[in-house]
Amino acid sequence: MADKITPKEVDYSQWYIDIVLNAKLADYSPVKGSMVIRPRGYAIWERIRDEFDRRFKETGHQNAYFPLLIPMSFLEKEAEHVEGFAPELAVVTHGGGEKLEEPYCIRPTSETIIWSKYKDWIQSWRDLPLLINQWANVLRWEKRTRLFLRTSEFLWQEGHTAHETREEAEEETLRMLEVYRDVVERHLCIPVVTGIKSESEKFAGAVQTYCIEAMMQDRKALQAGTSHFLGQNFAKAFDVKFQTRAGNLDYVWATSWGVSTRLVGAVIMTHSDDKGLVLPPSIAPEEVVFVPIYKNDTKAAVLAYANKISVELKAAGVRVIVDSDDSSSPGWKFAEWEMRGTPLRIEIGPRDMQAEKLVLVRRDSGEKKFVPVAEAVSAVKAALADIQTSLYEKAKAFRLEHTQDVTDLPGLLEFFGAEGMGTADAHGGFARALWCGSAACEADLKAKTKATLRCMPLGDQEGIEGVCAICGAPAKHRALFARNY
RNA sequence: CGGGACGUAGCCUAGGGGCUAAGGCGUCUGCUUUGGGAGCAGAAGAUCGGCGGUUCGAAUCCGCCCGUCCCGACCA
């Protein structure tokens, strides 16, 4: 019974699946590639969502909702866009028992339906900027799926903005990238690298794609969010012109940006251990669980005592639950709440009542601490704050430990364990290397090592002197290479 | 979409042509317990993934299909 979770070292994929299922975050659905998000998984998503939503509104965006079904012809208006998404589309051909004149596709993303309306809504520079976000589900027919990380249907947010000038749109792209970085690092405690995607990795239809990339505990990279500068591509495709301040007609400049329920997978993979889920307090459904310990004759007193302290904590703004379920033993509950990822456990029994103390046990470190009841609120708050920062620090240290400068192809092959490719996970992590800018080099490295160019990190492009680590031609960029999800 | 593994109760596993499909965990009832996954007694729970075939007889053999996982291919 004790080994519900396959150890990480034995089988990382299975470990991840075991956590998702045992912590009751999600379940498989009858339809291949789609998943059921269970209440506990959804609660985490709600907390992530609410924080982003608050930030979007702070930066001037409004929520709206565009429909699920999109006429096929819309997708076809932007050549690169349709080419990028065509293989993943689900298409509705029948409705009301009859074949439709024009098939609809289920949105893989909403640029096209949104821009078809922006054409009507934007006439003048006075209508700009137009800053809209939507929370929605999207569908992309995926061949190989993984709970949270890649499912055919997933939940996300997509921001779609229109601006007067190129500069304004570029600023918006970076502003939202920064919102992503800040929320993911501070609330999900996942350190990320911000960077620019290469031509072959960028969004179909974008001029430039910015991203936040994170390192999971198996040292693979996970793209955790993207922000695109769309230039005038969609404005031209949908003929969205506006009258400028100078009185001319010009196409508007656009951005789009999104994060998804994939972030839930990122949280799991970044922090959890062989006992189960580990959650940052800020997104945990409950920050503290009380496990009362009693016998029949002490039950009433212990429960009353635990309830009293839990009320104080709640009043101080801490999310608390008291596990007063009679049918399982304290030992069971300890293991169960550890599996579920609750950041802090408080054990209260007759002996603690007697001593006027509480036992605080941290989920992240397992550290046990006795604190006077009078200091309960401050001690709990301090512990939660410390968990929040140390999860981030620990993940950051891990990433640094597995990030290495590599200067040439033999070095890359060695770092990514090209010899043992296909069996063991013999990949090193993030390789920081110079790159000439050619897609051929990306393809070459991918063929040899399965590693791809994750991004060209922002703020790391100065003083590029030397040659491409793959082909030896003069380098133009500094890039991070890694195997990825 | 190719290669591999698997599919028997909520979960894990046994049974590989022949009586009523077996066990552990969990669940329910009662009692008793509770400081790291307690104990006793009783009970419920299975169209053996689906369809078709071979056979007097199929969980078991054969074919097709579906699903899950792994490895590839593919993939903002």
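Throughout, protein chains are lettered first and strands after them, A, B, ... in sequence-line order, and every chain is numbered starting at 1. Since this is a predicted model, take the numbers as computed values, not measurements.
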In this structure, are over 12 heavy atoms from other groups packed under 6.0 Å from A:E83 atom CD?
-> no

Pair partner, [N] [Watson-Crick or wobble, under 3.5 Å]:
N	result
B:U68	B:A5
B:U54	none
B:U20	none
B:G37	none

Give the ring-plane orientation class for A:F234 versus A:F238, where under 30° counts as parallel, over 60° as perpendicular and anything between as tilted.
-> parallel

On a whole-Å scale, what distance lies between the [atom1] atoms belonging to [N] and [M]?
N	M	atom1	result
B:G3	B:C61	C1'	25 Å
B:A22	B:C62	P	25 Å
B:G10	B:C6	P	22 Å
B:U55	B:C12	C1'	33 Å
B:A41	B:G37	C1'	22 Å
B:G7	B:G15	P	11 Å

Does [N] have its OP1 or OP2 closer than 4.0 Å to a side-chain nitrogen or oxygen of [X]?
X	N	answer
A:S329	B:G37	no
A:K295	B:U34	yes
A:R146	B:C69	no

By nearest-heavy-atom nucleotide on RNA chain B, the more 5' of A:D326 and A:P87 is A:D326

Hey, is the main chain of A:L147 close enough, under 3.5 Å, to the side chain of A:Y16 for a donor-acceptor pair?
-> yes

Salt bridge present between A:D326 and A:K299 (N-O < 4.0 angstrom) | yes

A:F203 and A:H81 aromatic centres sub-6.0 Å = yes

Find the distance A:R345:CZ to B:G35:P and express it as a whole number of Å.
-> 12 Å

Counting any heavy atom closer than 4.0 Å, what does A:S13 reach on the DNA or RNA strands: base, sugar-phosphate only, or nothing?
-> sugar-phosphate

